[in-house]
2 protein chains.
Amino acid sequence: MNASQTKGISILLVDDHPVVRQGYRRVLEHQDDFQVVAEADNAADAYRAFKAHAPDVVVMDISMPGASGLEAIRNIRARSSDTRILVFSMHCEAAQVKAAFNAGAKGYVTKGSDPSALIRAIRSLVHGEQAMSDDIARVLALDNLSPSGSVLDQLGEREIEILRQLAAGATTEQIASNLNLSIKTVQNYHYLIKTKTGMRTDAQLVRLAVECGLASL
Amino acid sequence: MNASQTKGISILLVDDHPVVRQGYRRVLEHQDDFQVVAEADNAADAYRAFKAHAPDVVVMDISMPGASGLEAIRNIRARSSDTRILVFSMHCEAAQVKAAFNAGAKGYVTKGSDPSALIRAIRSLVHGEQAMSDDIARVLALDNLSPSGSVLDQLGEREIEILRQLAAGATTEQIASNLNLSIKTVQNYHYLIKTKTGMRTDAQLVRLAVECGLASL
DNA sequence: GGTTGGTTGGGAAATTTTCCCGAATTAGAA
DNA sequence: TTCTAATTCGGGAAAATTTCCCAACCAACC
């Protein structure tokens, strides 16, 4: 299953921005032993390309339309445990990074880091090591020191769901209707979420939800 | 002031992601008559590099830390009216696009569009034309059909400032204190903003503010 | 069988929202 | 100039929500 028919390291690129993709394709192929064998711009195509080419390494941006990046990682890992997945993302929130590793990624490099960091990380993965850029290491380290891994860890499932809908712009009535709850219960959750997270304003709540990857934009 | 000492078209690249920058530097330099004369990863450096090299075209991502991209455009335009600025961004909200053009950009291409679109746009700019990618054209066209140019047009200066602080997470008391207003007045503005914009929730207000470029994250 | 913890909602006081209003200021048109 | 229109500022009062406390249910777990 391991694709070593090519001389060096075979790579599948997944990113929804063509220019960016083409850009770092060139960066990677500048390395003599790297070969980009396929590209994809969405999770479904990524999985198809993975099955077709069985690359050594998948370099993927997980913030793609449909937000199914994590799902794609799980799918690929479920099928082949020796394909190494490197997440290459703009975001560096601890929650997102941990989610990626939990899904089965072996590396995480931010787009803000030096190109050489990406190349180094790929080589580490091929040698069976985990790898991440310095900024990610720092974020994870700090996260590890904080009492709660994430603010969201203190929240129950219901609370998280309500926070999500709140941040999405739903009214109290809509949430109650969506979840078949009384308005009173939603109000109580709303209050509870604020006190638990220490946020004083609904706007702060929205920002928190976005930071934690619960909501977008 | 026009820098034609180089044979072809001199370009300044501004983007806060080194890999992305290096990536499309290669894409651009694949064109024989293009020459990337400098790079920058923030607004201040961009302005310095612009003064030092007086490039024909500045290709810049405006969603940089500090969100000072628009300011950078204004600064550059204020100094040289024949430098063409092309915004190269992930975002394609009408408000942001219009803000960029109003600030003095001559082109707007999304990162999601084909690499050739970027190259074509640069050539258009050099010929004195405006240019934008297809998706941007579509967004602006739709926006033009909608009755109000921007939702923010219906808001007064005070209202916008209060919306900004609201979206930033400030409490009513904090806003009142910041602007030397009574709490009552801030409450009244808060209500007025909601009715004017048709938003029913503070969370919706935050999203609106972000969409209009009033707030970030 | 008791304890813990997530879930669901009632109650009641405190606070905010909602909508009304008028006054002061400014900008612009007549 | 004078009048109108728009913006800014805030009071008042009813309606609604927030805030905090509490109780009940259910499931998991020792």
Side-chain angles (χ1 to χ4, degrees), chain A residues 95 98-99 102 146-209 212-215, chain B residues 95 147-209 212-215:
Chain A
K98 289 198 287 191
N102 284 335
S146 81
S148 63
S150 161
V151 195
L152 296 189
D153 287 355
Q154 352 169 28
L155 267 44
E157 241 172 290
R158 255 310 86 136
E159 289 158 345
I160 287 189
E161 176 56 22
I162 286 175
L163 172 56
R164 216 185 48 67
Q165 299 202 23
L166 233 27
T171 66
T172 301
E173 289 96 345
Q174 286 168 344
I175 297 175
S177 158
N178 291 341
L179 302 179
N180 269 105
L181 294 177
S182 81
I183 288 183
K184 194 66 222 289
T185 302
V186 176
Q187 290 175 330
N188 278 337
Y189 273 118
H190 191 163
Y191 169 71
L192 197 63
I193 293 167
K194 277 209 262 185
T195 55
K196 275 193 178 181
T197 59
M199 298 295 132
R200 327 228 318 92
T201 286
D202 282 358
Q204 294 175 6
L205 234 34
V206 173
R207 304 170 85 78
L208 177 75
C212 295
L214 263 188
Chain B
S148 66
S150 164
V151 195
L152 295 189
D153 288 355
Q154 348 167 30
L155 266 45
E157 243 174 288
R158 249 329 66 145
E159 289 158 344
I160 287 188
E161 175 58 21
I162 286 175
L163 171 56
R164 217 185 47 67
Q165 298 202 25
L166 232 27
T171 65
T172 302
E173 290 95 348
Q174 286 168 344
I175 297 175
S177 159
N178 290 341
L179 302 179
N180 270 105
L181 295 176
S182 82
I183 288 183
K184 193 65 222 286
T185 301
V186 176
Q187 291 175 329
N188 278 336
Y189 273 118
H190 190 162
Y191 169 71
L192 197 62
I193 293 167
K194 277 210 263 186
T195 56
K196 274 193 177 180
T197 60
M199 297 295 132
R200 327 228 317 90
T201 288
D202 282 359
Q204 294 174 5
L205 234 34
V206 173
R207 304 171 85 78
L208 177 75
C212 295
L214 263 188

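To find a chain, count down the sequence lines: A is the first, B the second, and so on, and within it residues start at 1. Just so it is clear, the model here is predicted, and its values are computed rather than measured.
- Whole-Å rounding puts the A/M199 CE to D/dT19 C1' distance at 18 Å.
- Residues B/L179 and B/R158 meet the side-chain proximity criterion, which asks for heavy atoms closer than 4.5 Å.
- Across the protein-nucleic acid pair, B/Q187 atom CD and D/dA15 atom P stand 18 Å apart, rounded to whole Å.
- When rounded to the nearest whole Å, the span between NE2 of B/H190 and C1' of D/dT8 equals 18 Å.
- In summary, of the residues considered (B/K196, B/Q154, B/R164), a side chain to side chain donor-acceptor pair (under 3.5 Å) with B/E159 occurs for B/K196 alone.
- At C/dG9, one or more side-chain N or O atoms of A/T185 fall inside 4.0 Å of OP1 or OP2 (strictly under the cut-off).
- For B/L181, taking side-chain heavy atoms from C-beta onward, the closest of the listed nucleotides D/dC20, D/dC9, D/dT8 is D/dC9.
- Proximity note for B/Y191 (side chain, C-beta onward) versus D/dT8, C/dT7, C/dT18: the nearest is C/dT18.
- Backbone-only contact: A/S182 has heavy atoms under 4.0 Å from sugar-phosphate atoms and none from a base.
- If you measure from atom NZ of A/K194 to atom P of D/dC20, you get 10 Å, rounded to the nearest angstrom.
- A/L192 contributes atom CG, which lies 7.5 Å from atom CG of A/L155 (distance to the nearest 0.5 angstrom).
- Between the P atom of C/dT16 and the NZ atom of B/K184 lies a distance of 12 Å, rounded to the nearest Å.
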Checking side chain to side chain contact (heavy atoms under 4.5 Å, CB included) for the pair A/E161/A/N178: CA distance, chi angles, key distance, verdict? CA-CA 11 Å; A/E161 176 56 22; A/N178 291 341; over 6 Å; no

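- Rounded to whole Å, the distance from CG on B/N180 to C1' on D/dT8 is 14 Å.
- Remark: P of C/dT7 and CG of A/N188 are 13 Å apart, rounded to the nearest angstrom.
- Taking atom CG of residue B/L192 and atom C1' of nucleotide C/dT17, one finds them 13 Å apart after rounding to whole Å.
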